[in-house]
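First comes the structure, then the notes that go with it.
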Amino acid sequence: MNKNTTAMLATLALLAAAPVALAQPPGPVKAREPRTDAPPIKPYKVILVGDSTTAVGSGWGSAFCDHHVKSSVACLNLGRGGRSTRSYRAEGSWDIALAEAKVSGYAATYVLIQFAHNDQSSKGERWTDLSTEFPANLKRFVDDVRAAGAQPVLLTPLTRREFAKGQLKNTLDVWSDEVRKVAEQTKTPLVDLNKSSARIVQKLGPVDSMKLAQAEPIEAEVEAAKAGTTLPPRAAEEARQPDVPTTETGPRGQQVRKFDYTHVGDAGAQVFSKLVADDLAAAVPGLRSQLVP
C-alpha cells in the first residue's frame with residue numbers, strides 16, 4: 001500500500017470517528033434556537049356538496065377552495081354535475097360526503113349544501129317535487145350531517161343568467177324559498193346565494209353577465225342580449241367547446257365547457273365564490289378566521 005493510500009485511509013478513519021454535526025443551512029452561519037416541537041394543529045374542514053354550479057370546472061366551488069380559505073382549512077369539492085337532492089344520494093355520493101364529514105382530527109367540519117338546478121329537471125333520475133320531496137331531502141341532509149358530528153350550511157341555488165326585456169328571469173326563486181324555509185325550521189345557517197347572485201347578475205345586465213359563462217357566446221346570442229332578451233340555450237352538442245388535445249401518455253379526461261346561462265367559467269367562479277365567502281362569514285361566525293376575502 002503506497003503512502004498516498006495510507007494517508008487517505010487515515011483521514012477517512014478520523015472523519016468517521018468524529019461527532020456528527022447537524023447540517024447547517026446554506027449562506028451565513030446563524031445560531032439556531034433550541035429545538036422545540038410544533039404545537040398541535042387545529043385545522044378546519046369544509047366539504048362542498050352540490051350540482052354542476054358547485055363542481056370542478058363548471059361552478060364556483062374550486063375558486064372558493066383556491067382563493068377564499070386559509071391553508072389551515074381542508075377544502076373538499078364534492079359537487080357533481082347533473083345531480084339533484086335525489087340522485088346525489090341514490091348514486092352514493094352522499095355516503096362519500098358523510099364519510100368525509102366523520103373524519104376526526106378537525107377543530108370543526110362544515111358541509112355546504114347547494115341543490116335545486118336539477119331538482120327542477122324533467123329527467124327521471126333527477127326531478128323532485130318542489131313542495132314535498134325537495135325540502136324533505138334537504139332536511140334529511142341536515143340531520144345526517146349533524147349525526148356525523150359536523151355542521152351543515154344550506155345554500156340557495158346560484159341564479160341562472162337568462163333575461164326577458166332587461167329583467168332577470170330567476171327561475172330558481174321558488175326553490176330558493178324552500179331552502180330558506182328548511183334553514184329556518186332546522187335552525188341551519190343559510191348562505192342566500194340566489195339572492196346575492198341575482199342582484200349581481202341583474203346589475204351586470206344581459207350582455208355583461210355573458211362574461212361569466214364558460215365559453216364565448218355566438219353573435220346571435222349577443223345581439224339578442226343587447227335587445228334585452230336572451231335566446232334559449234343551445235343544445236349541449238352545439239354549444240360545447242372542442243375537447244382539449246391529449247397525448248398517448250398524458251391525462252385523458254375532458255371537462256365539458258360550453259356557453260349557456262347556468263354554468264360559470266373562471267371569471268364567474270371568482271365573482272360567485274367571493275359572494276359565498278362573504279355570506280358564509282356572516283352566517284357562520286366560527287369560520288370567519290379561516291376565510292379569506
Applying side-chain hydrogen bond (donor to acceptor under 3.5 Å, both in side chains) to Ser209 and Arg161, what does each step give before you reach the verdict?
CA-CA 7 Å; Ser209 64; Arg161 302 179 300 280; 5.2 Å; no

For Glu178 and Ser131: C-alpha separation, side-chain torsions, deciding distance, then whether side-chain hydrogen bond (donor to acceptor under 3.5 Å, both in side chains) applies.
CA-CA 7 Å; Glu178 293 300 323; Ser131 60; over 6 Å; no

Test Gln120 against Thr171 for side chain to side chain contact (heavy atoms under 4.5 Å, CB included), laying out the working first.
CA-CA 9 Å; Gln120 66 174 191; Thr171 57; 4.0 Å; yes

When you look at Phe64 and Leu280, which way does the side chain to side chain contact (heavy atoms under 4.5 Å, CB included) test go after all the steps?
CA-CA 11 Å; Phe64 174 84; Leu280 181 60; 3.9 Å; yes

Determine whether Asp143 and Arg140 satisfy the following criterion, salt bridge (charged side-chain N to carboxylate O under 4.0 Å, His left out), listing intermediate values before the conclusion.
CA-CA 5 Å; Asp143 291 342; Arg140 189 177 174 192; over 6 Å; no

Apply side chain to side chain contact (heavy atoms under 4.5 Å, CB included) to residues Ile47 and Tyr110 and explain how you reach the verdict.
CA-CA 6 Å; Ile47 302 169; Tyr110 297 87; over 6 Å; no

Stepwise, does the side chain to side chain contact (heavy atoms under 4.5 Å, CB included) test hold for Thr85 with Phe134?
CA-CA 7 Å; Thr85 58; Phe134 179 64; 3.7 Å; yes

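Taking CZ from Arg160 and OH from Tyr261, the interatomic distance works out to 13.0 Å, rounded to the nearest 0.5 Å. Here Arg80 contributes atom CZ and Ser52 contributes atom OG; the two are 13.0 Å apart, rounded to the nearest 0.5 Å. From Gln214, atom CD reaches atom CZ of Arg240 across 10.0 Å, with rounding to the nearest 0.5 Å. Put simply, NE2 on His67 and OG on Ser62 are 9.5 Å apart, with the number rounded to the nearest 0.5 Å. Here the straight-line distance linking atom CG of Leu168 with atom CD of Gln202 works out to 5.5 Å at 0.5 Å rounding. We find the CG-OG distance between Asp278 and Ser273 to be 9.5 Å, quoted to the nearest 0.5 Å.
With no hydrogens or angles considered, no side-chain donor-acceptor pair links Thr262 and Asp260 at under 3.5 Å. Side-chain atoms of Lys258 and Gln241 include no donor-acceptor pair closer than 3.5 Å. Side-chain atoms of Gln290 and Ser72 form a donor-acceptor pair, as typed in the model, at a separation below 3.5 Å. Under the 3.5 Å distance criterion, with hydrogens and angles disregarded, a donor-acceptor pair is assigned to the side chains of Arg146 and Thr188. For the 3.5 Å distance criterion, the side chains of Asn194 and Asp173 fail to qualify, holding no donor opposite an acceptor. Judged purely by distance below 3.5 Å, without hydrogens or angles, the side chains of Asn118 and Ser121 never pair a donor atom with an acceptor atom. Donor-acceptor pairing under 3.5 Å is lacking for the side chains of Glu125 and Ser87.
Residues Asp51 and Ala116 share a closest heavy-atom pair of OD2-N, 4.1 Å. In terms of heavy atoms, Leu190 sits closest to Ala183 at CB-CB, 4.0 Å. The two residues Pro189 and Pro152 make their nearest non-hydrogen contact at CD-O, 3.5 Å. Closest approach of Cys75 and Val69 over heavy atoms only: CB-CG2, 4.1 Å. Of all non-hydrogen atoms in Gln151 and Ala108, the two that sit nearest each other are NE2-CB, 4.0 Å. Among all heavy-atom pairs drawn from Ala148 and Leu98, the shortest one is CB-CD2, 4.3 Å.
Between Trp94 and Phe141, the ring planes are tilted. Angles from 30° to 60° get that label.
Between Asp279 and Leu193 the shortest side-chain heavy-atom distance does not fall below 4.5 Å. Contact annotation: the side chain of Leu155 never approaches that of Val179 to less than 4.5 Å [non-hydrogen atoms, C-beta and beyond]. Put simply, the side chain of Leu76 does not reach to within 4.5 Å of the side chain of Val46, judged on heavy atoms. By the 4.5 Å heavy-atom criterion applied to side chains, Thr159 and Leu172 are not counted as neighbours. In this structure, the side chains of Lys45 and Glu100 come closer than 4.5 Å at one or more pairs of heavy atoms. At least one side-chain heavy atom of Val271 sits under 4.5 Å from a side-chain heavy atom of Ile200. At least one side-chain heavy atom of Leu212 sits less than 4.5 Å from a side-chain heavy atom of Leu204. When side chains are defined from C-beta on, Val49 does not count as touching Leu112, because their heavy atoms never get closer than 4.5 Å.
Annotation: Lys195, atom NZ; neighbour count of heavy atoms from other residues, nucleotides and ligands within 6.0 Å does not exceed 12. Counting non-hydrogen atoms of neighbouring residues, nucleotides and ligands closer than 6.0 angstrom, the CD atom of Glu216 reaches no more than 12 such neighbours.
When the side chains of ILVMFWY residues are joined at heavy-atom separations under 4.5 Å, either directly or via intervening members, Leu154 and Val284 end up in two distinct hydrophobic clusters. Cluster membership check: Val111 does not share its hydrophobic cluster with Leu291, using side-chain heavy-atom separations under 4.5 Å among Ile, Leu, Val, Met, Phe, Trp and Tyr. Connection of Val201 to Leu158 is established within a shared hydrophobic cluster, with ILVMFWY side chains joined at heavy-atom distances below 4.5 Å, either directly or through further cluster members. In the hydrophobic clustering of this structure, Tyr106 does not group with Ile96; members are Ile, Leu, Val, Met, Phe, Trp, Tyr whose side-chain heavy atoms approach within less than 4.5 Å, directly or through other members. Hydrophobic cluster membership is shared by Leu138 and Val142, with clusters built from Ile, Leu, Val, Met, Phe, Trp and Tyr side chains linked at under 4.5 angstrom.
A salt bridge links Glu221 to Arg234: at least one charged side-chain nitrogen sits closer than 4.0 Å to a carboxylate oxygen. The pair Arg86-Asp119 does not meet the salt-bridge criterion, since no charged nitrogen lies less than 4.0 angstrom from a carboxylate oxygen. Ion pairing between Lys181 and Asp177 fails under the 4.0 Å rule for side-chain N and carboxylate O. Using a 4.0 Å cut-off between charged side-chain N and carboxylate O, Asp144 and Arg89 make a salt bridge.
Remark: side-chain polar atoms of Asn77 are not paired, donor with acceptor, to backbone N or O of Cys65 under 3.5 angstrom. No donor-acceptor distance shorter than 3.5 angstrom exists from the side chain of Trp60 to the backbone of Gln270, with no hydrogens or angles considered. No side-chain donor-acceptor contact under 3.5 Å links Thr128 to the backbone of Glu133. Panel note: side chain His68, backbone Val292; a donor-acceptor pair is recorded below 3.5 Å. No donor-acceptor distance shorter than 3.5 angstrom exists from the side chain of Thr230 to the backbone of Glu162, with no hydrogens or angles considered. A donor-acceptor pair under 3.5 Å is absent between the side-chain atoms of Ser84 and the main chain of Trp127, judged by distance alone. Counting only distance, with no hydrogens or angles, the side chain of Gln254 and the backbone of Val244 share a donor-acceptor pair below 3.5 Å.
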